[in-house]
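Worth saying up front: this structure is predicted, and the values here are computed from it rather than measured. Residue numbers start at 1 and run along the sequence shown.
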Amino acid sequence: MSRWMVAAGRAAAVACVAAAVVGGMRLDGYSHALHPLALLGGRGVPGSVVFNLVGFVLPGLLAALVALGLYRGLPAAARWWPRIGARLLLLSALAFAAQGLLPLDPQHLDGPQSGLHASAWMAWWIAFAAGAALLAAGAPRLRAGTLAAAAVLLAMMFIPASLLEPVFAQRIALAAWLLWLALVPAAASAVAELERQDHGGQGEGGDVGQDHRP
């Protein structure tokens, strides 16, 4: 499971970045410095279906695998808050995928369709920030990277537009999440491997000096 979790996290980051880069190059007049990323998947935009699948749905589902892996990797004695945290991370991943199923409507940015997309985006970052904080409380070795990603998301969501353009704030928040997906699962896998070796060594050490004669 740990190997799949690491591969899923890295694949999610690569898929989202590739979709953003290729989609921006293919859409005439699009600028990452001026337009929101969701515009590439907007209703009626050329190539929007492919972008939504590769840029939102696929990374979200892969991130869900990461969240499930983190949940299954928690020790049996883990308290309730890291378990709830991992489930919130799963909810966050599914909300990210939902953005591709609820595309933005460029002609009616204040309409119900665009409102659903914005709600999915909001559910994504709120669930991740809360889930990351709870998971970090029960996973000390993952605490630094997890809290750093959550802190960046929170800062970008609340930073005034006068200090940083919303298009840049959204991309910085997304980059922090993607980096977390690419790096933290590998760290979690390494921790699990070290703990497994440690338990194995203790088990072998317990046999030293014992008389195994029949």
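- For residues 98-118, the side chain to side chain donor-acceptor pair (under 3.5 Å) pairs, not counting sequence neighbours, are Arg43-Gln113, Asp105-His108.
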Report all side-chain donor-acceptor pairs from residues 52-63 shorter than 3.5 Å, counting only partners two or more places apart or in another chain.
unit_1	atom_1	unit_2	atom_2	d
Asn52	ND2	Gly41	O	3.0
Asn52	ND2	Ser48	O	3.1

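- With sequence neighbours excluded, the residues that form a side chain to side chain contact (heavy atoms under 4.5 Å, CB included) with Leu178 are Ala13, Cys16, Val17, Leu174, Leu181.
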request  = Check the pair Leu135 / Leu74 against side chain to side chain contact (heavy atoms under 4.5 Å, CB included), numbers first and verdict last.
outcome  = CA-CA 10 Å; Leu135 178 67; Leu74 291 172; 4.1 Å; yes
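- Using a 4.5 Å cut-off between side-chain heavy atoms of Ile, Leu, Val, Met, Phe, Trp and Tyr, with links allowed through other members, Val184 and Trp81 fall into different hydrophobic clusters.
- Residues passing the side chain to side chain donor-acceptor pair (under 3.5 Å) test with Trp124: none are found, sequence neighbours excluded.
- Closest approach of Arg83 to Arg79, counting heavy atoms only: CG-O, 3.5 Å.
- Not a single side chain to side chain donor-acceptor pair (under 3.5 Å) links Arg10 to another residue, sequence neighbours left out.
- Thr146 pairs by the side chain to side chain donor-acceptor pair (under 3.5 Å) definition with Trp180, not counting sequence neighbours.
- A 4.5 Å side-chain heavy-atom check between Gln170 and Trp125 finds every atom pair outside the cut-off.
- Interatomic distance, Phe128 CZ to Leu153 CG, rounded to the nearest 0.5 Å: 6.0 Å.
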inquiry  = Let's go through Val45 and Leu40 carefully: what are the C-alpha distance in whole Å and the side-chain angles of both, what is the deciding distance for side chain to side chain contact (heavy atoms under 4.5 Å, CB included) to 0.1 Å, and is it a yes or a no?
reply    = CA-CA 7 Å; Val45 175; Leu40 294 173; 5.8 Å; no
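- Remark: the backbone N or O of Gly115 is paired with a side-chain donor or acceptor of Ser119 at under 3.5 angstrom.
- Follow the hydrophobic side-chain contacts under 4.5 Å out from Ile159 and you reach Ile126 in the same cluster.
- For Phe96 and Trp177, the distance between ring centers is under 6.0 angstrom.
- No side-chain heavy atom of Pro82 sits under 4.5 Å from any side-chain heavy atom of Leu134.
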message = With side chain to side chain contact (heavy atoms under 4.5 Å, CB included) as the criterion, how do Trp121 and Leu116 come out once you've worked through the C-alpha distance, each side chain's angles and the decisive distance to 0.1 Å?
response = CA-CA 9 Å; Trp121 169 271; Leu116 290 174; over 6 Å; no
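- The shortest side-chain heavy-atom distance between Val6 and Val66 does not fall under the 4.5 Å cut-off.
- Taken to the nearest 0.5 Å, the CG atom of Leu68 stands 10.5 Å off from the CZ atom of Arg87.
- Looking at every heavy atom in both residues, Gly24 comes nearest to Tyr30 through CA-CD2, 3.7 Å.
- Grouping the Ile, Leu, Val, Met, Phe, Trp and Tyr side chains by contacts below 4.5 angstrom, directly or via other members, places Leu163 with Ile172.
- No chain of hydrophobic side-chain contacts below 4.5 Å, direct or via other Ile, Leu, Val, Met, Phe, Trp or Tyr residues, connects Leu34 to Met156.
- A distance-only check finds a donor-acceptor pair linking the side chain of Arg171 to the backbone of Val167 [under 3.5 Å].
- To the nearest 0.5 Å, the span separating NE2 on His32 from CZ on Phe168 amounts to 11.0 Å.
- Taking CD1 of Ile84 as the start and CG of Leu89 as the end, the distance is 12.0 Å to the nearest 0.5 Å.
- Listed here is the closest heavy atom pair of Ala176 and Val152: CB-CG1, 3.6 Å.
- Two residues are said to be in side-chain contact when any heavy atoms from C-beta on lie closer than 4.5 Å; Leu65 and Met5 fail this criterion.
- At a threshold of 4.5 Å between side-chain heavy atoms, the hydrophobic network of Ile, Leu, Val, Met, Phe, Trp and Tyr places Leu104 and Met122 in two separate groups.
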